[in-house]
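Everything below concerns the one structure shown next.
Just the heavy atoms: all of them, side chains too, but no hydrogens, waters or symmetry mates, feed the values below.
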Amino acid sequence: MKKIRISAVSYTNTKPFIYGLQHADILGKIELSLDTPADCAQKLIDDNADIGLIPVAAVLNIPGWNIVSDYCIGAVGAVNSVFIFSNCPINEVKQLQLDPQSRSSNNLAKVLLKNYWDLKPELIVDAPDYSASKNNQTAFVQIGDRTFGKKDKYPFVYDLAEEWQKFTGLPFMFAGWIANKAIPTEFLTEFNAALKLGLDSRAELFKELTHYEDFDIEDYLVNKIDFNVTEDKIKAMNLFLKYIGQL
């Protein structure tokens, strides 16, 4: 049987999923690659992967996409790894430098700027050093492990999942397991079981992970990341995609 090509994000928040895939019998049936969110999405778009844990905004570029798992990378309120960092209040920001590794988070920032904060800063793509502010009115989007411990280093910090919930009253789904083609049901059942194994094995996983003095990795993976696909997360995803279409 031809192996199923799976692309997963290489951030800490996906470690439970990776652990499950690597410790279940399904490992022999897959080709697993670890990528940035943007590269995950591109592999699915280019049909270099069959299933990807991709930013939800990217589904707009995948004909016939479908969610193939009960699990995702989401949050109910603050997620603690998707931020706008700023030296001034958000309403004084003149330039916002976007994160080159994330489509969904950049789009979430744009949606909030337009619909929640009613602001129109200049959006900077491919800044030479996007995570360094040129001046006090330049802010930047940053996601993932690179944000660990940074929350106390900037005077103004906006957790985008928390801001989304303030705006809509809904949770947020940053990434979902998406397929670009029909996948056998038997495989998907085994796939879901492997992901659940990883989530159920977080206590073991914590023994392997890097721990930080200024970031609580266990709180992050148990309380901040909400891994279940729910009706409200699907509702939020559809609303988010609608807002993206209006940008």
Side-chain angles (χ1 to χ4, degrees), residues 1-46 48-56 58-59 65-75 79-82 99 101-105 142-148 161 172-180 183-184 186-212 215-229 233:
M1 177 176 146
K2 186 178 178 182
K3 290 188 176 183
I4 302 290
R5 301 166 299 171
I6 297 177
S7 174
V9 180
S10 56
Y11 291 160
T12 295
N13 58 23
T14 65
K15 294 293 186 183
F17 291 150
I18 306 308
Y19 185 95
L21 292 171
Q22 292 178 334
H23 287 80
D25 292 341
I26 200 173
L27 184 62
K29 302 176 183 178
I30 65 174
E31 291 180 7
L32 179 63
S33 61
L34 301 179
D35 305 293
T36 68
D39 287 343
C40 263
Q42 198 59 51
K43 282 190 173 184
L44 217 60
I45 292 166
D46 295 340
N48 290 322
D50 305 303
I51 298 173
L53 182 60
I54 70 165
V56 295
V59 302
W65 65 272
N66 59 98
I67 296 174
V68 293
S69 172
D70 299 328
Y71 304 105
C72 68
I73 301 296
V79 67
N80 210 20
S81 61
V82 179
D99 188 333
Q101 291 193 16
S102 175
R103 302 180 188 204
S104 274
S105 297
Q142 191 171 55
I143 72 164
D145 298 13
R146 297 159 299 156
T147 68
F148 292 175
F172 195 76
M173 186 158 75
F174 287 97
W177 289 102
I178 306 295
N180 56 8
I183 305 292
E186 183 179 344
F187 176 86
L188 293 181
T189 299
E190 195 173 355
F191 179 64
N192 257 312
L195 300 180
K196 184 178 186 300
L197 170 67
L199 293 173
D200 291 343
S201 303
R202 276 172 283 184
E204 289 300 313
L205 176 62
F206 290 141
K207 298 174 185 177
E208 303 178 5
L209 293 180
T210 300
H211 289 257
Y212 303 82
F215 187 81
D216 189 337
I217 204 79
E218 294 188 19
D219 175 67
Y220 178 59
L221 288 178
V222 173
N223 301 314
K224 295 299 189 294
I225 301 293
D226 193 279
F227 292 99
N228 295 302
V229 174
K233 285 205 190 76

Close side-chain approach of [X] and [Y], heavy atoms under 4.5 Å:
X      : Y      : result
Leu195 : Leu21  : yes
Trp177 : Ile6   : yes
Asn192 : Tyr71  : yes
Ile73  : Phe227 : yes
Ile51  : Ile178 : no

Residue pairs fulfilling ring pair (Phe, Tyr, Trp, His ring centres under 6.0 Å) with at least one residue in residues 19-38, sequence neighbours excluded: Tyr19-His23
Does anything in residues 36-45 form a salt bridge (charged side-chain N to carboxylate O under 4.0 Å, His left out)? List the pairs, not counting sequence neighbours. Asp35-Lys43
Decide if atom CG of Asp25 counts as having more than 12 heavy atoms of other residues, nucleotides or ligands within a radius under 6.0 Å. no
When you look at CD of Glu186, are more than 12 heavy atoms from neighbouring residues, nucleotides or ligands closer to it than 6.0 Å? no
Less than 4.0 Å between a side-chain N and a carboxylate O, is that true for [Y] and [X]?
X      : Y      : value
Lys196 : Asp70  : no
Lys224 : Asp216 : no
Lys29  : Glu190 : yes

Do the side chain of [X] and the main chain of [Y] share a donor and acceptor less than 3.5 angstrom apart?
X      : Y      : value
Thr14  : Val9   : yes
Ser7   : Ala49  : no
Ser201 : Leu197 : yes
Asn180 : Leu44  : yes
Arg202 : Pro16  : no

Between Tyr220 and Ser81, is a side chain to side chain donor-acceptor pair (under 3.5 Å) present by the stated rule, with each step listed? CA-CA 9 Å; Tyr220 178 59; Ser81 61; 2.7 Å; yes
Quick check: closest heavy atoms across [X] and [Y], and the distance to 0.1 Å?
X      : Y      : result
Ala175 : Cys72  : O-CB, 3.2 Å
Phe206 : Ile217 : CE2-O, 4.2 Å
Asn66  : Val68  : OD1-CG1, 3.0 Å
Thr12  : Leu221 : O-CD2, 3.7 Å
Ser69  : Val229 : O-CG2, 3.8 Å
Ile54  : Ala58  : CD1-CB, 4.0 Å

Pair Lys2, Asp50 - check side chain to side chain contact (heavy atoms under 4.5 Å, CB included), show working. CA-CA 11 Å; Lys2 186 178 178 182; Asp50 305 303; 5.9 Å; no
Using the side chain to side chain contact (heavy atoms under 4.5 Å, CB included) rule, take Ile30 and Phe191 through it: C-alpha gap first, then chi angles, then the decisive distance, then the call. CA-CA 10 Å; Ile30 65 174; Phe191 179 64; 5.9 Å; no
If I take atom [atom1] from residue [X] and atom [atom2] from residue [Y], how far apart are they, to the nearest 0.5 angstrom?
X      : Y      : atom1 : atom2 : value
Phe148 : Thr210 : CZ    : OG1   : 10.0 Å
Thr36  : Asp99  : OG1   : CG    : 9.5 Å
Arg5   : Asn48  : CZ    : CG    : 6.5 Å
Asn13  : Asn80  : CG    : CG    : 11.5 Å

For side chain to side chain contact (heavy atoms under 4.5 Å, CB included), just list the numbers for Val82 and Thr147, CA-CA rounded to whole Å, side-chain angles, deciding distance to a tenth of an Å, and then say yes or no. CA-CA 8 Å; Val82 179; Thr147 68; over 6 Å; no
Sequence neighbours excluded, which residues qualify as ring pair (Phe, Tyr, Trp, His ring centres under 6.0 Å) partners of Tyr11? none
Can you classify the ring geometry of Phe215 versus Tyr212 as parallel (below 30°), tilted (30 to 60°) or perpendicular (above 60°)? perpendicular
Could you check Ile4 against Phe187 for side chain to side chain contact (heavy atoms under 4.5 Å, CB included), going step by step and ending with a plain yes or no? CA-CA 9 Å; Ile4 302 290; Phe187 176 86; 3.7 Å; yes
